[in-house]
Amino acid sequence: MTTHFDRIKTDLLTKIDQGNMRPGDKVPSENQLAEQFSVSRMTARRALTDLVNEGILLRSQGLGTFVSDHRPMSSMLEITSIDDEIMKRGHQYSNRVLTQKQLLASAPQARMLGVEVNELIYSTKIVHLENNVPIQLENRLVNPSYAPQYIDQDFSSITANRYLNKVAPLTEADHVVEAIVPTQEISDALEVTLQQPCLLVSRRTFSAKGIVSFANLYHPGNRYRLGGHLDFHSSN
């Protein structure tokens, strides 16, 4: 059932998709949307905040809310499955599994996962696509102790993030974000030139029992952003 909240989001997204609102344009205020859709200001605020968190809109304190630029944005404040991010934008998700194998941990890999050198670990490399355009190369190492069936999964039907969170629920994570120049492997996987700057998110995830996985997530800089919205005001 369509809610007032969904109606507001759909209306704004339609105007953006059809070019009626362009990057940099100011969108109606919470009060204006509340009056237009006959809803509470809280409902209007929630719709705007959701679009801000998805990177569609950009909120500027004291100035208002504006249409952001075209690149999708992933939140730095929460970890979600990339297929969810893409489908929330109303776009098509697909992926390509490049490798899915077992290997013996090198010294650096062992440190990342908190295992012994030469201990058996799992490795996957998956390209995630938005509307058939590569948006992320996911190079992931997994500790079999916490996800023993990981290597047998069909990752064309479930993302690694979604599967791992199901079998070893996430309790904490740490990550580092940096800009890089792609290697030939990254360039080929993301279909970008070797001169195209990329965004690398290195993320280690933990369950209650220990380190579950370590992933290097590569994104073309011209197709992806990271960001988020912090609200320090009371919602009353």
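Side-chain atoms are counted along with the backbone in the values below, which use heavy atoms only and exclude waters and symmetry mates.
- Distance alone, capped at 3.5 Å, places no donor-acceptor pair between the Glu30 side chain and the Met42 backbone.
- Residues Ala173 and Leu170 come closest through the heavy atom pair CB-CD1, 4.4 Å.
- Between Arg204 and Arg111, the shortest heavy-atom contact is NH1-O, 3.7 Å.
- With Lys209 contributing its side chain and Ala168 its backbone, the two residues share no donor-acceptor pair below 3.5 Å.
- With no hydrogens or angles considered, no side-chain donor-acceptor pair links Ser29 and Asn31 at under 3.5 Å.
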- Query: Can Asp11 and Arg7 be said to form a salt bridge (Lys or Arg N to Asp or Glu O under 4.0 Å), step by step?
  - Reply: CA-CA 6 Å; Asp11 181 75; Arg7 284 175 51 220; over 6 Å; no
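- The number of heavy-atom neighbours closer than 6.0 Å to CD of Glu35, taken from other residues, nucleotides and ligands shown, is 12 or below.
- At a threshold of 4.0 Å, the pair Arg46-Asp50 does not count as salt-bridged, since none of the basic side-chain nitrogens sits closer than that to a carboxylate oxygen.
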- Query: For Asn161 and Thr159, what are the C-alpha separation, side-chain angles and deciding distance, and is it a side-chain hydrogen bond (donor to acceptor under 3.5 Å, both in side chains)?
  - Reply: CA-CA 5 Å; Asn161 176 280; Thr159 64; 5.0 Å; no
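- The salt bridge (Lys or Arg N to Asp or Glu O under 4.0 Å) contacts involving residues 133-156 comprise Glu138-Arg140, where partners must be two or more places apart or lie in separate chains.
- For Tyr150 and Phe155, the gap between ring centers is short of 6.0 Å.
- Side chain to side chain, Asp188 and Gln184 meet the donor-acceptor criterion of an N or O pair below 3.5 Å.
- Checked by atom type and distance alone, the side chain of Asn216 never pairs as donor or acceptor with a backbone atom of Ser202 at under 3.5 Å.
- Electrostatic pairing of Arg162 and Asp84 counts as a salt bridge here, judged by a charged N lying under 4.0 Å from a carboxylate O.
- Smallest separation of non-hydrogen atoms from Leu98 and Ala189: CD1-CB, 4.2 Å.
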